[in-house]
Amino acid sequence: MPTHDLNLEGAAFLKDLNAGLYEPAATRSLGESAERSSKHTRSITDAIPYWQQWREAANGIKSYAIAHLDKLLTQFESGITARGAEVLYAENAAEANQLVLDIARKHQVKTVVKSKSMVSEEMELNHKLAAIGVRPVETDLGEYIVQLAEQRPVHIVTPAMHMSAADVGHLFQQKLGEPFSAEHQNLTRIARKHLREDFVRAEMGISGVNFGIADTGSLVIVENEGNAGLSTSAPEVHVALMGIEKVIPRIADLPLFLNLLARSGTGQKLTTYTHLIHGATPGRKLYVIILDNGRSNVLKDPAARMALFCIRCGACLNACPVYRRTGGWAYGWVYPGPIGSILTPHLIGLEQAAALPFASSLCGACGEVCPVKIDIPHQLVHLRSRAVSEPSPMNKPLERLTWRLWAFAMGGPWRYRLTMWGVRLGVRLVPWIAWHPGKLGAWTRGRELPEVPRTSFRRWWRNHRDHLQPKLPAPEQPAERASP
Amino acid sequence: MTSRDAILGRIRTALAADPRRPELPPVAQVWPHTGCGVDQMAQRFLAEIGEIFGEAYRVPSMGDARRKLAEIMGQEGCSRLGVMDRPLCRELTAAVAPAAIAWPQPDWTAAEMAELPAAVIEADCLLADTGSAMIACYTPQDRLLCYLPPTCVAIATADRLAEHLPAAWPAIAQRAAAPELRGEFVFVTGPSRTADIEKVLILGVHGPKRLVVLVVG
C-alpha cells in the first residue's frame with residue numbers, strides 16, 4: 001500500500017464521532033443542481049436508440065484495456081516517446097510530486113497554470129508546489145473558485161456547485177479586490193481577466209488526461225472553457241498527469257468514448273474542446289507522468305477491476321440520492337459520490353475508507369447511468385464484504401460478537417421471545433438513561449425513539465384472534481364447466 | 001528497480017492471478033452512416049452550431065467569404081488579424097491589408113498573441129451532427145490562435161463536411177497515426193463556455209467569445 005500524505009479533514013463519514021451516523025449539512029442548491037443535471041443527462045441518453053449498445057461496447061473495450069494494461073501502457077509509452085515526449089512513472093503520490101517539483105526546478109518555473117486533474121488532487125500537488133515557492137493557479141473556473149476559497153471541490157465536473165453567485169462575488173471581492181457582483185457574466189469576466197495574466201506569464205502548464213491512446217501514442221483531453229487548451233499550449237513546459245488506467249487500445253475507439261463522456265458528463269453532444277495531442281510541438285517540452293498510487297492493488301481483486309473503468313464523467317454523483325444530500329466533502333477524499341465510495345477504499349486502503357461503501361442505499365441509480373456500465377451497486381456490496389472480513393474499522397470484534405449473538409437469539413422461538421422481552425424492557429429504560437455510550441449516544445442525541453406498544457403483537461394476536469375472524473362472503477355456486 | 005519496472009511488474013503479477021483475458025471487441029459503429037449529401041450536412045451543421053451559440057455561414061464563393069470576414073472585422077472593430085498560415089486562410093485574407101495581418105512566427109509569445117483581437121484558422125473537417133470544426137495545429141502558435149483571440153473565424157470548404165464524428169474518423173485516425181506528426185488536432189464545438197457558477201451558461205470564459213465558421217461552396 002503506498003504511503004499517502006492525506007488530509008481527511010472534510011471526511012465526515014470517517015470521523016469517529018459520527019461514524020455511520022453522519023447527518024448532512026449540504027446546501028439545497030447542490031442537491032437541486034445535481035438532480036437537474038441528472039434529469040437533463042437522462043433525457044438526452046434516453047433519446048439515443050444506441051445508448052445501451054454504446055455502454056456495452058465501452059465496457060468491453062475497458063475490460064480488454066484493464067486485462068492487457070501492461071502491454072497497452074508500454075505501447076502508449078513507446079508511441080508518445082517517439083513523438084518527443086518524456087514519459088515518467090510514479091508508484092505513489094509522493095514520487096509523482098517529486099517528479100513534478102524536479103521538472104519545475106529544472107525549468108526555473110515560478111508560476112504553474114493547471115487545468116482540471118483529479119490525479120493532481122490525489123497528489124495534493126498545489127501544496128507541494130507552493131512549498132518550494134512555485135505559485136499554482138487552477139484555471140478551470142470552478143477549480144479557481146474553490147482554490148481561492150481554500151476548499152476542496154464538491155464535484156468531479158462542477159467543483160464549485162455548492163457556491164452561489166453571491167458567494168463567488170464576495171470571494172472575488174475579498175481575494176481579488178474586485179467590486180462585489182453577483183452577476184454570472186461579470187464574475188466570469190473577472191476570472192478571465194485575472195487568469196489571462198497567469199496564462200501568458202506561466203512557465204509550466206499541468207493537465208490531466210482523459211484517455212491515453214496506445215496505438216498512436218496520443219493524449220486526449222476534453223474540456224469546455226478553453227483553459228486546458230491554454231494551459232497546454234501557452235507555457236513552454238506541459239506536464240500531463242495520467243493514472244495507469246486511462247489507456248485505451250485504439251484511436252478507432254475514441255468516437256465511442258467521446259460520445260459517451262460528453263453526454264454523461266455535461267449533457268453535450270461533444271465537449272466544446274476535444275484535444276488530441278500528438279507529442280510535443282516544436283519549441284515546447286512535454287512530460288507525461290503515469291501514476292499508479294494504489295491502482296495496481298485493484299487489479300489483484302478480479303471482482304473489483306471494474307472500478308478502474310471509470311471515465312470521470314460524474315453522472316453517478318448526480319444520480320445518487322446520498323450525494324445529493326451530503327455533497328462531495330462528506331466522502332473525505334478526492335473522489336466523491338458512488339464512484340468515490342468504490343475507488344477511495346482501493347486507492348487509500350480499507351483501513352482508512354472502509355465506511356464509504358456503506359454510505360449508499362444501494363438503490364442502483366449509479367449503475368444505471370454509468371456510461372461504461374460499471375456495476376457500482378455490486379462493487380459496493382463486494383467492498384462491504386471485504387470491509388467486514390479484512391482488517392478495517394468496519395471489522396470489529398465487538399460488532400462480530402454482536403452479530404453472532406443476534407444470530408443465536410433469532411435461532412429458535414424461545415430464544416426469540418426472550419430477546420424481544422429484553423428489547424421491550426431496554427427500550428422503555430432508554431429515556432431514563434441520561435448518557436449513552438459510543439454510537440448509541442450519537443444516535444439518541446439527534447433522534448427520538450418511537451413509543452413502544454405496551455404489548456407485543458404475538459400476545460395481542462392471542463388475545464384478539466377469536467374476535468377478528470374474517471367475515472368471508474358466501475361461496476358462489478361454481479359455474480358450469482365448459483367441455484374441453 | 002525503476003518505478004516503471006515496479007509498476008509493470010505489479011500489474012503483470014496481479015493479472016496473472018486471473019488467466020481470463022477478454023478479446024479486443026470490434027470497433028463500435030456508434031452512429032449509422034446514412035450517406036446524406038453535402039446540402040443536408042451543411043444545413044444540419046448550420047443548425048447545430050446555432051444551437052450551441054456559435055455562428056456559421058454558407059457562402060457560394062471565396063469572394064463572398066471575404067466580404068463576410070470584412071463584415072465581422074467591422075462588427076468587432078478589428079484592426080489586426082492573427083492568421084494561420086494555410087491555403088484557405090491565405091485566400092480568405094487576400095483582400096485584407098497586409099499590415100493588418102499577423103502571420104504566426106516561431107518566436108511569438110503568448111503575451112504578444114493575447115493582444116490579437118481576432119484569429120483566422122482553417123478547419124480540416126466539419127462535423128454536421130455536432131456543429132464541430134476540427135483544426136490541425138502543428139506549432140504552439142497555431143494552437144494559441146484557437147484559444148487566445150476573443151473572436152475566432154474558421155474557414156472550410158463544403159467538401160470537408162462529414163455527417164458525424166465516426167464518419168470523419170477513419171481519415172483523422174490515419175493522419176493521427178503518422179509517427180512524424182506533432183502538435184494537436186482540436187475539435188472546437190462552439191465558443192468557450194462554462195456553467196460552473198450555479199449552472200448558468202456563460203460564453204467566452206477563457207477561449208473565444210465569438211466563433212464563426214465560414215463554409216465555402
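Letters A, B, ... mirror the listed sequences (proteins, then strands); counts begin at 1.
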Interface moiety of B:Pro26 toward chain A, non-hydrogen atoms closer than 4.5 Å: backbone
Counting C-beta onward and ignoring hydrogens, is there a side-chain heavy-atom pair between B:Val212 and B:Lys68 closer than 4.5 Å? no
As an exercise, state the distance from CD1 of A:Ile248 to CD1 of A:Ile213, rounded to the nearest 0.5 Å. 5.0 Å
Indicate whether any N or O donor in one side chain lies under 3.5 Å from an N or O acceptor in the other, for A:Tyr89 and A:Glu77. yes
Any heavy-atom pair between the side chains of B:Glu55 and B:Ile49 that's under 4.5 Å? no
What option among A:Ile290, A:Val168, A:Asn259 has the most heavy-atom pairs under 4.5 Å with chain B? A:Asn259
Proximal component of A:Glu236, with respect to chain B [non-hydrogen, under 4.5 Å]: neither
Flag the pair B:Phe185 / A:His278 as yes when their ring centroid distance falls below 6.0 Å, and as no otherwise. yes
Whatever's closer than 4.5 Å to a heavy atom in chain A on B:Asp142 counts as neither
Where does A:Ala234 contact chain B at under 4.5 Å (heavy atoms): side chain, backbone, both or neither? both
Ranked by heavy-atom pairs below 4.5 Å to chain A, first place among B:Ala114, B:Pro179, B:Pro32, B:Ala17 goes to B:Pro32
Contact winner vs chain B - A:Leu230, A:Ile221, A:Asp167, A:Leu219, heavy-atom pairs under 4.5 Å: A:Leu230
Which bit of A:Arg83 comes within less than 4.5 Å of chain B, counting heavy atoms only: side chain, backbone, both or neither? both
Under a 4.5 Å heavy-atom cutoff, which of B:Gly190, B:Cys146, B:Ala176 has the most pairs with chain A? B:Ala176
Does the side chain of A:Ser296 reach to within under 4.5 Å of the side chain of B:Ile7, using non-hydrogen atoms? no
Using a 3.5 Å distance criterion without hydrogens, assess whether the side chain of B:Glu163 forms a donor-acceptor pair with backbone atoms of B:Thr34. yes
B:Tyr147 and A:Phe199 aromatic centres sub-6.0 Å: no
State yes or no: are the ring centers of A:Trp54 and B:Trp31 separated by less than 6.0 Å? yes
Heavy-atom distance under 4.5 Å between the side chains of A:Thr74 and B:Arg4, does that happen here? yes
Ranked by heavy-atom pairs below 4.5 Å to chain B, first place among A:His275, A:Lys269, A:Lys300 goes to A:His275
If you draw a 6.0 Å radius around CD in B:Gln43, do more than 12 non-hydrogen atoms from other residues or ligands fall strictly inside? no
Option in B:Ile52, B:Thr109, B:Thr139, B:Leu127 with maximal non-hydrogen atom pairs under 4.5 Å from chain A: B:Thr139
Looking only at A:Thr272, A:Thr281, A:Leu256, the option with the highest number of non-hydrogen pairs under 4.5 Å against chain B is A:Thr272
Contact winner vs chain B - A:Leu73, A:Thr216, A:Leu276, A:Val200, heavy-atom pairs under 4.5 Å: A:Leu276
With only heavy atoms counted, which part of A:Thr232 is less than 4.5 Å from chain B, the side chain, the backbone, both or neither? both
Output the option from B:Leu8, B:Val27, B:Leu165, B:Thr130 having the highest count of non-hydrogen pairs under 4.5 Å with chain A. B:Val27
When rounded to the nearest 0.5 angstrom, what is the spacing between CH2 in B:Trp108 and CG in B:Leu148? 11.0 Å
Side chains of B:Leu46 and B:Tyr57 in contact at under 4.5 Å (non-hydrogen atoms): no
Could you tell me whether A:Glu225 and A:Lys116 have a side-chain N and a carboxylate O separated by less than 4.0 Å? no
Checking heavy atoms, do the side chain of A:Val157, its backbone, both or neither come under 4.5 Å from chain B? backbone
Salt bridge (charged side-chain N to carboxylate O under 4.0 Å, His left out) partners for A:Lys62, two or more places apart: none
Which of the residues B:Thr13, B:Thr2, B:Leu15 is involved in the greatest number of heavy-atom pairs with chain A at under 4.5 angstrom? B:Leu15
Below 4.5 Å, heavy atoms only, C-beta onward: do B:Pro117 and B:Glu76 meet side chain to side chain? no
With a 4.5 angstrom heavy-atom cut-off, could you sort out which part of A:Arg250 is near chain B: side chain, backbone, both or neither? side chain
Per-residue tally against chain B (heavy atom, under 4.5 Å) across A:Arg305, A:Gln53, A:Gln268 peaks at A:Arg305
Using a cut-off of under 4.5 Å for heavy-atom pairs, which of B:Gly183, B:Ala178, B:Gly54 has the most such pairs with chain A? B:Gly183
Does anything in residues 196-204 of chain B get under 4.5 Å of chain A by heavy atoms, and if so which residues? B:Asp196, B:Ile197, B:Glu198, B:Lys199, B:Val200, B:Ile202, B:Leu203, B:Gly204
